[in-house]
> 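Before anything else, here's the structure in question.
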Amino acid sequence: MTLTYGSLFSGVGGFDMGFDKAGYDCRWQVEWDKNCQQTLACHWPNTTRHGDVQDVRGDQLEPVDVIIYGSPCQDLSVAGKRAGIDGTRSSMFFESVRIFREMRDATGNTYPRIVVWENVPGALNSNHGEDFRAVLTALDDIGAVAQWWNVLDAQFFGVPQRRRRVFLVSVFDPAIVGRAGDGQILAVGKGRRRNPQKVKQERQVVAALTATGVGTCGADDNQAQAGHLVPDDVVRETTPSAKP
């Protein structure tokens, strides 16, 4: 059976292309920019497209196994003013959560089974880590049973460009977590897992997050300032400094 996916903040479909190559079937895309929509129409002529994410309702979208989304990063990037997850643009993340919740409510908490977020590494330390905590907590609150994240660099995946991005995989289907066992959903490099069942007793501890994408070691350039506040249930792994 072919797994299905939909994408929010689709852009020109770079994220979508990766899932296509992995054998997934794209059922819908959400993108407000008209020029990007033309590009999407060229590559996915038979896929349903929607405009502004704020006008989309999850209970009116076709249920899919996976939703991928790269919500606006400007307020999280170290290159911006760092208004944070509540900034005008990056707060669009919460529109994604609303859509997930609406689809889950409409399908008896069956779909989506997984959602995958892509953003800049600055999302990890924005507002001293509290913004990333808010991201994880928002997904926990609508039923995520496990979450894995990792910073990966495009230069190690066939792209002649150094481009680091954080990927967060949030799983809602306990059966998927069961099949993963002690392994990783993000099987590339060392990942980190959050178990929301332990969050009830969480307390804040100071720790530095390290980038552990394939071929990268030590602290990420965008995380050079240590001292982020992260949940103590998070598995934190550091990679020895070494050249790939």
Side-chain angles (χ1 to χ4, degrees), residues 8-9 15 68-97 115-141 144 146-157 161-170 184-186 188-196 198-199 201-242 244:
L8 305 174
F9 313 101
F15 207 172
I68 60 177
Y69 62 120
S71 54
C73 66
Q74 293 94 330
D75 297 318
L76 301 173
S77 173
V78 294
K81 295 182 179 180
R82 309 219 78 181
I85 197 67
D86 292 324
T88 303
R89 292 163 293 188
S90 292
S91 62
M92 288 294 102
F93 163 80
F94 295 106
E95 293 292 337
S96 303
V97 174
V115 299
V116 185
W117 187 53
E118 175 268 336
N119 217 284
V120 294
L124 294 175
N125 62 15
S126 175
N127 191 22
H128 304 290
E130 288 301 320
D131 286 337
F132 192 58
R133 180 196 293 274
V135 166
L136 296 173
T137 299
L139 292 159
D140 286 348
D141 288 346
Q147 303 197 62
W148 283 263
W149 64 93
N150 209 340
V151 176
L152 304 179
D153 192 331
Q155 68 176 316
F156 299 107
F157 295 90
Q161 179 184 20
R162 187 174 184 271
R163 187 179 181 85
R164 291 179 173 180
R165 290 294 182 269
V166 60
F167 290 87
L168 169 65
V169 179
S170 306
Q184 297 179 48
I185 297 296
L186 273 175
V188 182
K190 296 180 182 296
R192 304 180 185 86
R193 177 178 175 179
R194 171 186 175 93
N195 181 348
K198 298 179 181 179
V199 175
Q201 302 299 324
E202 84 174 23
R203 60 183 174 83
Q204 293 182 333
V205 296
V206 177
L209 295 176
T210 56
T212 54
V214 170
T216 64
C217 300
D220 185 280
D221 292 346
N222 291 328
Q223 303 173 41
Q225 300 300 319
H228 321 314
L229 294 178
V230 296
D232 63 353
D233 62 285
V234 172
V235 177
R236 290 174 291 278
E237 299 183 63
T238 58
T239 307
S241 296

> For F94 and A138, which heavy atoms make the closest approach, and how far apart are they?
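For F94 versus A138, the nearest heavy atoms are CE2-CB, 4.2 Å.
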> I'd like to check W117 versus F93 (side-chain heavy atoms, cut-off strictly below 4.5 Å). Are they in contact?
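Yes. Closest side-chain heavy atoms under 4.5 Å.
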> Compare every heavy atom of Y69 with every heavy atom of F15, then report the nearest pair and how far apart it is.
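Smallest heavy-atom distance, with atoms named: CE1-N, 4.0 Å.
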> How long is the straight-line distance from CZ of F132 back to CH2 of W149, given to the nearest 0.5 Å?
5.0 Å
> Give me the atom names and distance for the closest heavy-atom approach of E118 to F167.
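Minimum heavy-atom separation between E118 and F167: CG-CE2, 3.6 Å.
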> Between D131 and V135, is there a side-chain heavy-atom distance shorter than 4.5 Å?
no
> Looking at R162, is its backbone amide N or carbonyl O close enough to the side chain of D153 to form a donor-acceptor pair, meaning the two atoms are under 3.5 Å apart?
no
> Can you measure from CD (Q155) to CD (Q161) and round to the nearest 0.5 angstrom?
9.5 Å
> Quick check: closest heavy atoms across V120 and V166, and the distance to 0.1 Å?
O-CG1, 3.4 Å
> Could you tell me the separation between the CG atom of L168 and the CG atom of N119, rounded to the nearest 0.5 Å?
10.0 Å
> Report the residues that fulfil side-chain hydrogen bond (donor to acceptor under 3.5 Å, both in side chains) with S170, sequence neighbours left out, ordered by chain and then residue number.
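S170 satisfies side-chain hydrogen bond (donor to acceptor under 3.5 Å, both in side chains) with Q147 only.
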> Given V169, which partner from the list V115, N150, V116 fulfils the side-chain contact (heavy atoms from CB on, under 4.5 Å) test?
V116
> In Å, rounded to the nearest 0.5 Å, how long is the span from CZ of F157 to CG of L152?
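It is 5.0 Å, given to the nearest 0.5 Å.
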